[in-house]
Amino acid sequence: MNFVVLGRGSEFGSRCAPGFLSAIGDAVQALSQAKQLHALLVTADLSCHPSLPTKLLRSYANHGDIVSARHLFDQIPHRTVLLWNSLIRAHARCRDFSTAFSFFNQMRRSGVNPDGFTLACVLRACAEHADPFGASMVHGTMISSGLVSDSIAGAALVNSYSKLNFVNDAHQVFDEMPERDLVSWNTMIMCCSYGGNAHKGLELFHGLRESGEKPDGYTFTGLISCLRGSDLACIGEGIHGLCLKEGYTSNCHLRCALVSMYSRCNVLHSASLLFRSLSQVDLVTWSAFITGFSQAGECEESICLFREMMTSSQCAARPDSILIASLLSACATLASIRPCKEIHCFALRVGINSSVSVSCGLIDAYSKCGFAQDGFRIFEMMPRRTLVAYNTVILSMGSNGLGGEAMQTFVAMLNEGLKPDKATFSALLCACCHSGLQMEGRKLFNRMHSEFGVEPEIDHYVYIVKLFGMVGELQEAYDLIQAMPVVPDSGVWGALLWGCSIHGNKELGEIVAKKLYEIEPRKTAYRVMLSNIYAVKEKWGDVKYLRNEIAKEGMHKIPGISWIENINF
DNA sequence: ATAGGGTTAG
């Protein structure tokens, strides 16, 4: 039945039966039809047709006409849950989550109780808005109103907590659910993929099958996204087989997840094989394929693939900021200015150069290619500077010897109200090392935990050991390493050996070198460093012994390589 | 109500 046929009935004016008008509401397809019906509704008695306003509002929302939706809402005195839901969903749909949330609060103040659909919609808004406080508030509402056992609101709560990285809360809600539907299981499996917890994901998959539910495309996509690293390649292949058997491989999301999984598991051959077998490839799948290569260290290949994508007729979609950011990271690894400029120009041409992630990628890539100043200009032009932007520019300043500027930028960042994270302190300590700001570095190392609550990790220790080593406080550095809450790796010991070598400390150097031989027996650089200490002390016998040992084991030091540019690329 | 690709971090 269509609106035109039904519409003839409206010639009878407001004498239409409520049920009849409601049927017209179902048939509304075009925006103009909705407006016609809206006019009719206003002249009639609104309270006669309780479900019609909701249908109309939904129709406006579906056409993206928020203004008319709000106008209609304002005209309706008796607002049901369904009407509120439609309005809240309308705003959530166009990603205006803060308005959606404020309508939720208005709804509660007006005394209308939310249902599962309302809460699901609001929870999504919290996740998208990075608002864990809002999510826990909704959680509280759910407990007090008994909606905590509602399957739709429950699944939405699990999803919201997991997107906000509140994994334990997500788990707890999931565990306490009286009955878990497929959506809840899928959501929980996807939650594992955000944290890369493959073991837990597989365990949940097992639990899902035990429960008698049949996994679907969402399940497999989530499960595949959990896998990372060579060790899991076999499991990935097994799950791929299962997908083939169940007939899910025509699903575009799932195929893309497979391409990405093979790259993450370092099976680029399988990623290529699968990718090349696809008859239709969309932007996201291209992006997964290209990024897979750059993350596996095949950066030149990833740039070549991008060029292939741009010239192939297969991909109708234009590259977006996500792909550009990923390519810029490949340029940074290559330290090659030509592709960097190529990608920058491309971003300018398609107008995504001012995207935050593209700007961050450009700052980093220009810095690593030796053109830090160009990166600083981009930073200055950014209308909105995020934590990542600050971290990137601080690192760029620090690694280009501008320690003082890096410290000033850190202060500016704090003044903007941004909270530093572990990458901020890595960048700052790196800056201190490069500029010899050893007192400043020590202060930062202490402040990071006491003032900002950031726990030092292994790379922070590498820097602080280097800073101690610079001024010859080798014993202090040694004591610090031994008191570390995490097991020191070759990076930390290597930093101390470097300190020993520049200060010619033979005794400590020998102790440290011994530890390094245990951790990395095949790496000759440590033996060379120790032999340099011997050489300074004119212990030629020891030098000869070490050099002989290197030769005897058939080992040789990998020479360092410096190059200006790979001209052919 | 759930899905695929991303930027900084010796």
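Lettering follows sequence order; numbering is per chain, from 1. Computed from a prediction, not measured in an experiment: that's the story for all the values here.
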| OG/A:S336 to CD1/A:I303 distance, rounded to the nearest 0.5 angstrom? | 8.0 Å
| message | Which heavy atom of A:V259 sits nearest to which heavy atom of A:A271, and what is that distance? | response | O-CB, 3.8 Å
| query | NA contact type, A:T392, heavy-atom cut-off 4.0 Å: base, sugar-phosphate, or nothing? | reply | sugar-phosphate
| query | When all nucleic acid strands are considered with a 4.0 Å heavy-atom cut-off, which category describes A:T285: base, sugar-phosphate, or nothing? | reply | base
| query | Taking everything shown except A:F117 itself, do over 12 heavy atoms lie less than 6.0 Å from its CZ? | reply | no
| field | Residues in contact with DNA chain B, drawn from residues 419-431 of chain A - heavy-atom cutoff 4.0 Å | value | A:K422, A:A423
| said: Please determine whether a side-chain nitrogen of the Lys or Arg among A:R377 and A:E380 lies less than 4.0 Å from a carboxylate oxygen of the Asp or Glu. | reply: no
| remark: Contact span of DNA chain B against chain A, any nucleotide atom under 4.0 Å from a heavy atom, 5' to 3', runs B:dA1 to B:dG10
| Where do A:M190 and A:G222 come nearest, in terms of heavy atoms and distance? | CG-CA, 3.9 Å
| task | Classify the nucleic acid contact of A:N186 as base, sugar-phosphate or nothing, counting any heavy atom under 4.0 Å across all strands shown. | result | base
| note | Paired with A:Y366, the side chain to side chain donor-acceptor pair (under 3.5 Å) test is passed by just one of A:Q373, A:K341, A:H344, namely A:H344
| said: By the 4.0 Å heavy-atom rule, please label A:Y463 as base, sugar-phosphate, or nothing. | reply: sugar-phosphate
| task | Report which part of the nucleic acid A:R124 touches: base, sugar-phosphate, or nothing (heavy-atom distance under 4.0 Å, all strands). | result | sugar-phosphate
| field | Sidechain N-carboxylate O distance under 4.0 Å for A:E213, A:R180 | value | no
| query | Would one find more than 12 heavy atoms of other residues, nucleotides or ligands at under 6.0 Å from atom CD of A:Q172? | reply | no
